[in-house]
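Below is one structure, written out as structure tokens; the observations come after it.
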Amino acid sequence: MSTSSSQSSPRALPEGGTLIGRVKVPGDKSISHRSLLFGAIAEGTTTIDGLLPAEDPLSTAACLRSMGVTISPIQDGEIVTVEGVGLDGLQEPTDILNCGNSGTTMRLMLGLLAGRDGRHFILDGDDSLRQRPMRRVGQPLATMGAMVRGRDGGNLAPLAVQGQQLRGTVVGTPVASAQVKSAILLASLTADGPTTVIEPAQSRDHSERMLKAFGADLQVGGEMGRHISVRPGGILRGQNVVVPGDISSAAFWLVAGALIPGSDLVIENVGLNPTRTGILEVLEQMGAKIEVLNPRDVAGEPVGDLHVCHGPLQPFSFGEEVMPRLVDEVPILSVAACFCDGDSHISGASELRVKETDRLAVMARQLTAMGASIEEHDDGMTIHGGRPLKGAELDSETDHRVAMSLAVASMLARGDSSLHRSDAAAVSYPSFWTDLGRLRR
Ligand code: S3P
């Protein structure tokens, strides 16, 4: 299961080619996790149309199944059903809950399980997840009375959770993280009184939208939606969820389509929630030709088709303000910067250092191997763009978004490349390599 142990031979990434055609990216990863989790603790059946059939949501489903939740098989193109067990119906599992490579699974599970009074849980994951900081969730949950224990003073998995009756309170989160916020929202559903979570900046709001749709008593207020209050006691009811395509997966095609001469792509059914569209803001700043076609609302989330074609691009500069809206797109934007004449600046991105890998270090290392000129900073990078890249022996270093970003870079390099641990893409986009083969001319 763990991509970090994947040993398959390197994938050949030939230089050149253009990308032409239509592509439907798989379901949004964040919305997929949430639909499984909220469906599990609702009363009645939830159906999920468009659930992402990738390793990360499969980890969430496996954890829920081992606590007694019936979930139909997760297969591409199939509607998934979740038989909810109600807010207090999760059983104590007999084995550890394996979250695989998925930070979202582990962090949201912490919030969900902290309030299961009298039950005991152990959460673990692969080598990458065992190095990722969990205190950012455990600490705010502790102010509600949660008991989470683990290595490094409760910061690192494996983590033990002893379920408690939690106290409703006001909780400030240390970082603008939707994973942390969502963990607290899940915990507040069974607290003994109202809880308000206050974020330093607004992070993606899929949990707020979906919890409301499931019937939770939840209010969003404060400047830019940074204060979210939940009153416990409401009953969640199973819903029919439609998952839009993931803009973080669409990002690879958006950048590739804009960069690669002759390209012309339509990416269908992409989620355009404004807390996720920072990539479009930066591409606009670069002068990319992107059109939103057929904008619509699907099950409480804005959706559209995106048309992109190649054109001249300028370097960009962005920082902390936009970071929550494009945190997962920094690797592919670092590729884009290499192919624009002039310096691009990324700052306020220290969160990248605690993702599936240290994405600032890994992207700098891999792109430098291709001949890029990059200065890495504590919280970002400066990319001196416009130098031709050359084909190289590359490595995803087990990170799905790095694998897909390097695939785009390799098309524009002079000379062929190879990519070790390319299967990492399956964490969020299992059909990426097939889609690339199909679109490439
Ligand atoms: C996610 C939130 C983001 C993102 C991750 C998915 C989520 O992490 O990087 O891929 O589903 O809530 P943070 O909330 O830690 O920024």
Side-chain angles (χ1 to χ4, degrees), residues 3 25-38 51-52 54-57 59-60 99-112 125 128-129 131-140 155 173-186 197 199-211 225-226 228 241 243-244 246-252 271 273 275-279 301 320-333 348-360 379 399-405 424-425 427-429:
T3 51
V25 288
D28 187 276
K29 183 157 79 67
S30 297
I31 298 177
S32 294
H33 284 294
R34 286 155 175 79
S35 60
L36 289 165
L37 283 159
F38 302 163
L51 184 94
L52 169 67
E55 287 174 15
D56 270 12
S59 295
T60 291
C99 304
N101 189 245
S102 175
T104 310
T105 305
M106 185 168 280
R107 295 196 176 116
L108 270 59
M109 282 288 163
L110 284 172
L112 177 70
S128 151
L129 192 53
Q131 293 171 45
R132 296 182 64 187
M134 295 297 147
R135 187 178 290 120
R136 55 178 57 201
V137 183
Q139 189 196 351
N155 192 32
T173 64
V175 272
S177 158
Q179 296 179 348
V180 177
K181 169 176 66 180
S182 302
I184 297 161
L185 294 178
L186 278 160
V197 42
E199 296 197 273
Q202 190 191 26
S203 62
R204 62 190 68 187
D205 68 353
H206 305 299
S207 292
E208 293 90 308
R209 289 173 187 247
M210 204 187 289
L211 278 171
R226 291 190 302 112
I228 305 109
V241 180
V243 184
D246 198 327
I247 190 166
S248 298
S249 298
F252 303 106
N273 180 313
T275 60
R276 297 285 299 280
T277 48
I279 175 84
E301 292 276 349
E320 193 178 35
E321 190 280 320
V322 74
M323 201 53 63
R325 299 198 293 286
L326 53 59
V327 64
D328 293 333
E329 285 66 80
V330 174
I332 187 62
L333 284 169
S350 47
E351 273 296 296
L352 273 282
R353 298 212 179 269
V354 291
K355 292 293 178 188
E356 285 81 332
T357 58
D358 175 342
R359 287 182 172 159
L360 297 178
D379 73 335
D399 190 318
H400 54 129
R401 300 203 198 279
V402 171
M404 295 182 271
S405 300
V427 159
S428 61
Y429 194 163

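All of these numbers come straight from a predicted model, not from anything done at the bench. Remember, it's 1-based here, ligands and their atoms both numbered in the order they're listed.
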Item to complete: First locate atom OG1 of T275, then atom CG of D205, and finally report the distance between them rounded to the nearest 0.5 Å.
Response: 4.0 Å
Worksheet, complete the sentence: To atom 5 (C) of ligand 1, the nearest of E199, M323, Q179 on a heavy-atom basis is Q179
Worksheet item: Among protein heavy atoms, which sits nearest to atom 10 (O) of ligand 1, and what does the distance come to when rounded to 0.1 Å?
Response: D328 OD2, 2.9 Å
Discussion item. Strictly below 4.0 Å, N to O, side chains only: are R353 and D379 in salt-bridge contact?
Written reply: no
Worksheet item: Residues in side-chain contact (heavy atoms from CB on, under 4.5 Å) with A183, at least two apart?
Response: V137
Discussion item. Among all the protein's non-hydrogen atoms, which is closest to atom 15 (O) of ligand 1, and how far away is it?
Written reply: S177 OG, 3.0 Å
Discussion item. Go through it in stages, so that I can follow the logic: the residues are D328 and R359, the test is salt bridge (Lys or Arg N to Asp or Glu O under 4.0 Å), and I'd like the CA-CA distance, side-chain angles, deciding distance and then a yes or no.
Written reply: CA-CA 10 Å; D328 293 333; R359 287 182 172 159; 3.7 Å; yes
Worksheet item: By number and element, which atoms of ligand 1 are closer than 4.0 Å to a non-hydrogen atom of V327?
Response: 9 (O)
Item to complete: Mark the output for K29 as yes if a heavy-atom distance to ligand 1 is under 4.0 Å, and as no if none is.
Response: yes
Discussion item. Using heavy-atom distances only, which candidate in E351, K355, H33 approaches atom 3 (C) of ligand 1 most closely?
Written reply: K355
Worksheet item: Do any nitrogen or oxygen atoms of R204 come within less than 3.5 Å of a nitrogen or oxygen of ligand 1?
Response: no
Worksheet entry | Which residues share a side-chain contact (heavy atoms from CB on, under 4.5 Å) with S203, sequence neighbours left out | A178, K181, E199
Discussion item. Under a 4.0 Å threshold between the charged nitrogen and the carboxylate oxygen, would R325 count as salt-bridged to E329?
Written reply: no
Item to complete: Flag the pair K29 and D56 as a salt bridge only when some basic side-chain nitrogen lies within less than 4.0 angstrom of an acidic carboxylate oxygen.
Response: yes
Discussion item. Under a 4.0 angstrom heavy-atom cut-off, which atoms of ligand 1 come close to S30?
Written reply: 1 (C), 6 (C), 7 (C), 11 (O)
Response to the item:
Closest heavy-atom approach to atom 14 (O) of ligand 1 among S102, S32, G103, A178 is made by A178
Fill in: Region of R34 that comes within reach of ligand 1 [heavy atoms, distance under 4.0 Å]
side chain
